[in-house]
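Have a look at the structure below before the remarks.
The sequence lines fix the lettering, A, B, ..., with proteins before strands; numbering per chain opens at 1. Being a predicted model, the structure only gives us computed values, none of them experimental.
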Amino acid sequence: MKTTSRNVDGIEILSLQGKITIGSGDVQLRDLIAQCMSDGKNNILLDMSGVSTIDSSGIGELVGSFTTVTNRGGRLKLLHLPGKVTDLLQVTQLITVFEVHDDEAKAVASFK
Amino acid sequence: MKTTSRNVDGIEILSLQGKITIGSGDVQLRDLIAQCMSDGKNNILLDMSGVSTIDSSGIGELVGSFTTVTNRGGRLKLLHLPGKVTDLLQVTQLITVFEVHDDEAKAVASFK
Amino acid sequence: MNPESEHIEITITSRFENIELVQVIAEHICECAGLDDDGSHWVGMAVREGVANAIKHGNRLDTRKRVFTTFDVKESRLAIHIRDEGEGFDPAQVADPLSPINIMKTSGRGIFYMKTFMDEVDFSFPDGRGTELVMRKNLATRDGAAEQD
Amino acid sequence: MNPESEHIEITITSRFENIELVQVIAEHICECAGLDDDGSHWVGMAVREGVANAIKHGNRLDTRKRVFTTFDVKESRLAIHIRDEGEGFDPAQVADPLSPINIMKTSGRGIFYMKTFMDEVDFSFPDGRGTELVMRKNLATRDGAAEQD
Ligand SMILES: Nc1ncnc2c1ncn2[C@@H]1O[C@H](COP(=O)(O)OP(=O)(O)O)[C@@H](O)[C@H]1O
Ligand SMILES: Nc1ncnc2c1ncn2[C@@H]1O[C@H](COP(=O)(O)OP(=O)(O)O)[C@@H](O)[C@H]1O
């Protein structure tokens, strides 16, 4: 997994690219979120459009990230969810846990 | 393998895309050349830029195509040869058999 | 001889990087058997989960231990066997990931996904040979997607 | 335990469509062992040629017959064994594709390519077990490309 980050109006936008799978992307995602927390970046938008594969470990890490951020009083939302990731969140009834956006500007505004 | 064909100034330009490998592209290439011969299209330029993989069967089929066309009094030339195909022709000393072009207009003109 | 019958075996050492090799074979077999891209993807995903469990929970990442996978297609029916060299486990003890107390857990969804994407998922424990997972799917019916859960 | 040591086995039925599965594994192993993209590509190509021969000349496309391939990496040395269930052949009888009388032939370059891309290529014929091809390559030296022939 590769990531790039931008900050728009105080919202940290993390673009995840590639695989979030056991042993690689999952660990990186956890470290990335931990880094945001220690930098005081509590409002996070994960741009998922570049995610090519995700497995149950990746899904678990998304849930873990959500919990970490929420416990710190921050918010974690998802942007541009690929269809297959949506399917995986849906069947495990996680889709209602996450706030999912299709439009970056609206997503950023929603944190206000 | 997929192919598209165009005719420019009486020269049949065949663009080969994908794999020219044992059991698939090799047979298709042979059929394609046979069809050109029966249609009386004796001047053929093979655009190789879209070839992703070629194996010894594909290389053999290129040689066979060259022979078929030449025996009919036609000419077969190559355009936009990917580096790896060049390597394979080189080590088997076939590179000098083929006339190879990098510029389509010049390649077409060379048939005159 | 049935032209559709196929048997492929792959044995890997217990490294997460090798999961993809087994997944690629699963997808390839499904595509060759005429399953659409989405359907093949989900079978590949089930295989990924099965092999990941064999490496992680079964062989506990011991690279001297192996994961043995076989694929059989006969009359459009795919059977996949994934065997590890671990200690086995009790499938009855596996928690339901949809239960409210588990929904926010960071793990525990692998077997659930396998069951979602395959027609049949069974575990057996041949003495001293670790866990053997068998997954089956009828490739002729069009039900590869996750939606119809 | 050496973290670099790796052993992978794959067994396929004799169909050309399955060649790619073995090739993919070869490329994957080379990449994991640190070979660059080009080097890995050429090893994959040698494997493709070896498996194609096993299917075509060895098993004569009989889909009941199998091709057994193993990959071993130890201390950056890759050994690949490809075994078929055919009749074997006499390697001494294989024509030189660079000879002027062969240069325009439509076949006969497979073994030559294997020898070009690998450090060692050997055939053996264990009684009644068809042909066993062994190819070796030192992945630590930077010599994956075709140029330095
Ligand atoms: N091959 C296996 N060997 C041993 N235990 C296993 C194996 N496969 C699954 N399990 C057990 O079943 C549990 C549930 O597996 P799974 O649903 O895939 O979720 P997860 O792998 O995220 O824990 C695992 O935590 C493990 O205890
Ligand atoms: N596994 C095998 N079993 C039987 N014969 C083989 C095998 N591999 C190679 N050969 C023989 O060696 C010859 C040369 O092989 P190769 O150089 O790959 O060229 P090609 O496959 O195009 O003929 C083949 O034509 C075949 O007679």
*Does any heavy atom of chain C fall under 4.5 Å from the side chain of Leu62(A), the backbone, both, or neither of them?*
neither
*Pick one of side chain, backbone, both or neither for Lys19(A), based on which atoms fall under 4.5 Å of a heavy atom in chain C.*
side chain
*Heavy atoms of other groups near Glu87(C) CD, more than 12 under 6.0 Å*: no
*asked:* To the nearest 0.5 Å, what is the distance between CE on Met114(C) and OG on Ser56(A)?
replied: 7.5 Å
*So which part of Met45(C) gets closer than 4.5 Å to some heavy atom of chain A, the side chain, the backbone, both or neither?*
side chain
*asked:* Rounded at 0.5 Å granularity, tell me how far CG in Leu98(C) sits from CG in Leu94(A).
replied: 8.5 Å
*asked:* Are Phe112(C) and Val91(A) packed together at the side-chain level, in the sense that at least one heavy-atom pair is separated by less than 4.5 angstrom?
replied: yes
*Quick one: pull up OH in Tyr113(C) and CD1 in Ile59(A) and give me the separation to the nearest 0.5 Å.*
4.0 Å
*Which region of Glu17(C), side chain (C-beta onward) or backbone (N, CA, C, O), has a non-hydrogen atom less than 4.5 Å from a non-hydrogen atom of chain A, or is it both or neither?*
neither
*Side chain, backbone, both or neither: which part of Gln93(A) has a heavy atom under 4.5 Å from chain C?*
both
*Is it the side chain or the backbone of Val63(A) that comes within 4.5 Å of chain C heavy atoms, both, or neither?*
both
_Which portion of Leu61(C) sits near chain A, non-hydrogen atoms under 4.5 angstrom_ = neither
_Quick check on Lys56(C) against chain A: is it the side chain, the backbone, both or neither that has a heavy atom closer than 4.5 Å?_
side chain
*To the nearest 0.5 Å, how far apart are NZ in Lys105(C) and OG1 in Thr92(A)?*
14.5 Å
_Euclidean distance, Asp55(A) CG relative to Glu49(C) CD, rounded to 0.5 Å_ = 5.0 Å
*Where does Arg109(C) contact chain A at under 4.5 Å (heavy atoms): side chain, backbone, both or neither?*
both
*asked:* Please check if the number of heavy atoms outside Lys115(C) that lie under 6.0 Å from its NZ is greater than 12.
replied: no
*Around Arg77(C), counting heavy atoms of other residues, nucleotides and ligands shown, do more than 12 lie under 6.0 Å from its CZ?*
no
*Find the distance between OG (Ser107(C)) and CD1 (Ile22(A)) and round it off to the nearest 0.5 Å.*
10.0 Å
*asked:* Any heavy-atom pair between the side chains of Leu88(A) and Trp42(C) that's under 4.5 Å?
replied: yes
